[in-house]
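Below is one structure, written out as structure tokens; the observations come after it.
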Amino acid sequence: MNNSIKNETTQEVQNAKQKVLFLCTGNSARSQMAEALLRHKADDIFEVYSAGTSPEMVDPRTIEALSKFGLDTQNLQSKDMSEFAGINFDYVITLCDKANTECRSYPHTEKQLAWDFPDPKTRSGHNPFSATLNELNNRLSMFLLVEEKKLIKVKESNDNDKIENIDPIEFYKTLTDNIRLKTLMLTHYHGELCVCELMTALDEDSQPKVSRNLAVLKKANILSDRKHGKWVFYRITPELPLWAKSVIAETTENNVLLIAEELQRLNAMNNRPNKANFCS
């Protein structure tokens, strides 16, 4: 083998993605979340899969929780672990004790990890699927840090931030204004709102006042917009770090009464823009 061919072969080996398989019982919630999260965090260095020992349909609440935080769910589907028989994996990670017991020594894997997370389908408390998603995100962030020496490169240096340099102090400062906080809560609840909808909901007659606060949120990369004709729609920036999205989500979902009147005014609004006509 000449040197040029040898160098090309070595480069191909170095650039090969590492394979990760997440295993759970039903492959309906935890393992689907882990698959989507790790793909989002480090798709350039991992091929990520998930499967179940007794697969069920993907729980719609799993898709809802992932979508709420801007994570891709298009290719998520429940699979039986037998579909991966004979495939070599760099990591096999079980996410519940039952799967760990049934697959204590998974064949054809370099390293097996046993994590145990409560099943969100039977978990008590507020927003169990969002809570499980946050816990998985934290564990995967630690996983990337611990395994960093074995990785060729790490896509994200801090959690799952696609937007760099989000300053926590500046982020929390944006939440101290009544209009900005309620704007984020309303936008989280509805997904997307235009200025006229926000003015109605907030009972504000001054468009410049609302627009100034929207500009602050945009400058901080917390809100993003899309324009179609005369309408400008605002939403939580999809690339916002998960920790920041979680703050907005938890604040909204645990303090709905704070925006109850705003939601009522919005529901009673006439001639609201039909978003279906303005899909980007």
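Throughout, numbering of the chain's residues begins at 1 and tracks the sequence. If you're wondering where the values come from, they're calculated on a predicted model, not measured in any experiment.
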[X]/[Y] ion pair, N-O < 4.0 Å:
{"X": "Lys121", "Y": "Glu56", "value": "yes"}
{"X": "Arg61", "Y": "Glu64", "value": "no"}
{"X": "Glu239", "Y": "Lys245", "value": "no"}

Common cluster, [X]/[Y], ILVMFWY with side-chain heavy-atom separation under 4.5 Å:
{"X": "Leu193", "Y": "Val216", "result": "no"}
{"X": "Leu242", "Y": "Phe46", "result": "yes"}
{"X": "Met81", "Y": "Phe117", "result": "no"}
{"X": "Leu202", "Y": "Met199", "result": "yes"}
{"X": "Ile93", "Y": "Phe84", "result": "no"}

[X] to [Y] - nearest heavy-atom pair and separation:
{"X": "Val232", "Y": "Lys227", "result": "CG2-CG, 3.9 Å"}
{"X": "Ala201", "Y": "Leu266", "result": "CB-CB, 4.2 Å"}
{"X": "Thr73", "Y": "Leu66", "result": "CG2-CB, 3.6 Å"}
{"X": "Asp116", "Y": "Cys96", "result": "OD1-CA, 3.5 Å"}
{"X": "Ile87", "Y": "Phe89", "result": "O-CD1, 3.5 Å"}
{"X": "Thr94", "Y": "Ala114", "result": "OG1-CA, 3.3 Å"}

Residue pair [X] / [Y], side-chain donor-acceptor N/O under 3.5 Å:
{"X": "Thr237", "Y": "Lys218", "answer": "no"}
{"X": "Ser141", "Y": "Lys41", "answer": "yes"}
{"X": "Asn255", "Y": "Thr251", "answer": "no"}
{"X": "His190", "Y": "Glu197", "answer": "no"}
{"X": "Asn27", "Y": "Ser50", "answer": "yes"}
{"X": "Thr132", "Y": "Arg123", "answer": "yes"}

Spacing of [atom1] belonging to [X] relative to [atom2] belonging to [Y], to within rounding of 0.5 Å:
{"X": "Leu37", "Y": "Leu140", "atom1": "CG", "atom2": "CG", "result": "6.0 Å"}
{"X": "Leu133", "Y": "Thr62", "atom1": "CG", "atom2": "OG1", "result": "9.5 Å"}
{"X": "Leu175", "Y": "Leu217", "atom1": "CG", "atom2": "CG", "result": "8.5 Å"}
{"X": "Glu253", "Y": "Asn127", "atom1": "CD", "atom2": "CG", "result": "4.0 Å"}
{"X": "Glu262", "Y": "Thr183", "atom1": "CD", "atom2": "OG1", "result": "9.5 Å"}
{"X": "Met142", "Y": "Asn137", "atom1": "CE", "atom2": "CG", "result": "12.0 Å"}

Worksheet item: Given the rule in the side-chain contact (heavy atoms from CB on, under 4.5 Å) test, do Ile248 and Leu240 qualify, once you have shown the distances and angles that lead to the verdict?
Response: CA-CA 11 Å; Ile248 299 170; Leu240 195 66; 4.1 Å; yes
Item to complete: Output, in order, the C-alpha distance, side-chain angles, deciding distance and verdict of side-chain contact (heavy atoms from CB on, under 4.5 Å) for Val210 and Leu214.
Response: CA-CA 6 Å; Val210 174; Leu214 287 170; 4.1 Å; yes
Worksheet item: Please walk me through it: do Gln18 and Ile45 pass side-chain contact (heavy atoms from CB on, under 4.5 Å)?
Response: CA-CA 6 Å; Gln18 297 192 355; Ile45 51 179; over 6 Å; no
Practice prompt. Evaluate side-chain contact (heavy atoms from CB on, under 4.5 Å) for Leu144 paired with Leu38, printing each intermediate quantity in order.
Written response: CA-CA 9 Å; Leu144 288 175; Leu38 189 55; 4.2 Å; yes
Are the side chains of [Y] and [X] in contact, using a 4.5 Å heavy-atom criterion?
{"X": "Lys173", "Y": "Asp167", "value": "no"}
{"X": "Leu258", "Y": "Met185", "value": "yes"}
{"X": "Val20", "Y": "Glu47", "value": "no"}
{"X": "Ser246", "Y": "Phe69", "value": "yes"}
{"X": "Leu184", "Y": "Thr252", "value": "no"}
{"X": "Tyr172", "Y": "Val247", "value": "yes"}
{"X": "Phe233", "Y": "Asp225", "value": "no"}
{"X": "Val92", "Y": "Leu113", "value": "no"}

Is there a donor-acceptor pair closer than 3.5 Å between any side-chain N or O of [X] and the backbone N or O of [Y]?
{"X": "Lys19", "Y": "Lys17", "value": "no"}
{"X": "Arg235", "Y": "Gly191", "value": "no"}
{"X": "Gln112", "Y": "Tyr106", "value": "yes"}
{"X": "Thr174", "Y": "Phe171", "value": "yes"}
{"X": "Asn213", "Y": "Ile179", "value": "no"}
{"X": "Gln32", "Y": "Gln77", "value": "yes"}

Worksheet item: Can you check salt bridge (charged side-chain N to carboxylate O under 4.0 Å, His left out) on Glu135 and Arg30, steps first, answer last?
Response: CA-CA 10 Å; Glu135 291 168 2; Arg30 289 163 287 186; over 6 Å; no
Item to complete: Starting from the C-alpha separation in whole Å, work towards a yes-or-no answer on side-chain hydrogen bond (donor to acceptor under 3.5 Å, both in side chains) for Asp59 and Ser28.
Response: CA-CA 5 Å; Asp59 195 299; Ser28 62; 5.7 Å; no
Practice prompt. Can you label the angle between the Trp115 ring and the Phe22 ring as parallel, tilted or perpendicular, going by 30° and 60°?
Written response: tilted
